[in-house]
Asks: 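Below you will find the structure I want to go over with you.
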Number of protein chains: 2
Amino acid sequence: MNRAMAMFWRQGYQATSIAELLQTMDIGRSSFYAAFKDKRSFFIECLDLWAERTLDLIQRSRAQMPPVDALQSFFERGFVAASGAKGNWGCMLVNTVLEMAGVDDALADHASRHLDQLQALFGDCLTDAGAEPVRAQELAAMLMLFNEGIRVSSRRRVSQIHHRQSIATTFRLVRSSLS
Amino acid sequence: MNRAMAMFWRQGYQATSIAELLQTMDIGRSSFYAAFKDKRSFFIECLDLWAERTLDLIQRSRAQMPPVDALQSFFERGFVAASGAKGNWGCMLVNTVLEMAGVDDALADHASRHLDQLQALFGDCLTDAGAEPVRAQELAAMLMLFNEGIRVSSRRRVSQIHHRQSIATTFRLVRSSLS
DNA sequence: TGGGTTTTGTACCAATTGGTGCGGAATGAT
DNA sequence: ATCATTCCGCACCAATTGGTACAAAACCCA
């Protein structure tokens, strides 16, 4: 299932056929439809799994370091770990929103709600760091905008160094805004 | 052709079938294949048209107002004009990059190069506004990141007001950085 | 009006899509 | 070993995909 999720992550929903999925999961057609209802339902499961892992990633970091550091490490990890030689696939939630909006709005909304959760978690980290609730919400919204932007940019052929720099300057701004 | 472009813009490449295109263009199948080589080639034409119009939009604004105002009006127009009751379709270039990356990399690169042009134009406006070349490039890159982010965000159900606010604060930052 | 060229409507094609059903193989308990 | 049950490979299906062939129609200049 991890492989299937990665496939959806990289290629999106429409461009991934069931045949491809079966091959990478190394199971038969019957087994697939026995375990999952639909291609669509299965995609949602993968989407949820992806979101869950992403939230967990931040939560775990938060237990080990100051909250703002945890946030920053989240952005940096997304650009180092996920982008090997194989290239970066961006954020599955962002990808899904842009692919399905105007095609399957329910699906796009589902991904969008996950992004809301992520933004809420950003806010939590910022209040933890001592920001006032209102200000934390503002900053979280800004970080989400930054996230969406950099995830798009990461699917282009822009140099990694440049992204790192953007992250650095953004978080310098965030930190200065908190002190 | 405008209608066809709008269709691709809203639904993306894969989700738009030839049959739908023919219907909205109100032409027959033969006429289509006589005028355009492929679905893919036709999509590229639409993409180029969209990019051309976007660049023109900025250029025209630049002839009528200070360069930074022109940039700001570009962002604001994208959110008022394009987003009627029918909703906002974001930026066709950004949409294409995210849809086709990992599926048809050549197509994604094509859209990405258009974004490079757009970013270059951002840079021109900023140098016009008196920024030093290096600084202008930095700011242009930041604006492109902002553009990518807000175009994603605009396809979610986030309130318009919020976007306007983001634009305002971003440009306040840009202006203060220029003075 | 006539003949030749372009345009266009439509039937048709092979390939692929997501999804179902069946028959046999593996499994496990007695 | 036997039986029942679960599992799975594979054939099959209808629908849709992008693309082509071909003939009829519209057009234009003489």
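Hydrogens, waters and symmetry mates play no part in the numbers below; they use all other heavy atoms, side chains included. Per chain, numbering begins at 1; letters A, B, ... match sequence-line order.
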Asks: Using a strict 4.0 Å threshold on nitrogen-to-oxygen distance, state whether B/Arg62 and B/Asp69 make a salt bridge.
Replies: no
Asks: Per the atom types in the model, does the base of C/dG9 pair as donor or acceptor with the side chain of B/Arg29 at under 3.5 Å?
Replies: no
Asks: Earliest and latest nucleotide of DNA chain D, 5' to 3', sitting under 4.0 Å from a non-hydrogen atom of chain A?
Replies: D/dC8 to D/dA11
Asks: Students often get this wrong, so: under 4.0 angstrom with heavy atoms, is A/Ser30 touching a base, only sugar-phosphate, or nothing?
Replies: base
Asks: Take A/Leu47 and A/Phe8 through the test side-chain contact (heavy atoms from CB on, under 4.5 Å) and record every step on the way to the result.
Replies: CA-CA 9 Å; A/Leu47 206 64; A/Phe8 274 137; over 6 Å; no
Asks: Would you mind telling me which residue lines up with the more 5' stretch of DNA chain D, B/Ala19 or A/Ile27, judged by nearest nucleotide?
Replies: A/Ile27
Asks: Answer with yes or no whether the side chains of B/Ser153 and B/His163 bring together a donor and an acceptor at under 3.5 Å.
Replies: yes
Asks: Checking A/Lys39 against A/Tyr13: charged group under 6.0 Å from the ring centre and within 45 degrees of the axis?
Replies: yes
Asks: Taking 4.0 angstrom as the limit, do B/Glu148 and A/Arg151 come out as a salt bridge?
Replies: no
Asks: Strictly under 6.0 Å, is that where the ring centroids of A/Phe75 and A/Phe146 end up?
Replies: yes
Asks: State, without any angle test, whether A/Arg135 and A/Ser177 hold a side-chain donor-acceptor pair at a distance under 3.5 Å.
Replies: yes
Asks: Treating Ile, Leu, Val, Met, Phe, Trp and Tyr as nodes and any side-chain heavy-atom pair under 4.5 angstrom as an edge, say whether A/Trp89 and A/Val158 lie in one connected cluster.
Replies: no
Asks: How far does the helix from C/dG4-D/dC27 to C/dT30-D/dA1 bend, going by the axes of its first and last five pairs, to the nearest 10°?
Replies: 10°
Asks: Could you tell me whether B/Arg3 and B/Asp26 make a salt bridge, using a distance below 4.0 angstrom between a side-chain N and a carboxylate O?
Replies: no
Asks: So, A/Asn88 and A/Arg156: side-chain donor and acceptor under 3.5 Å apart, yes or no?
Replies: no
Asks: Counting only non-hydrogen atoms, which of residues 31-45 of chain A are less than 4.0 Å from DNA chain C?
Replies: A/Tyr33, A/Asp38, A/Lys39
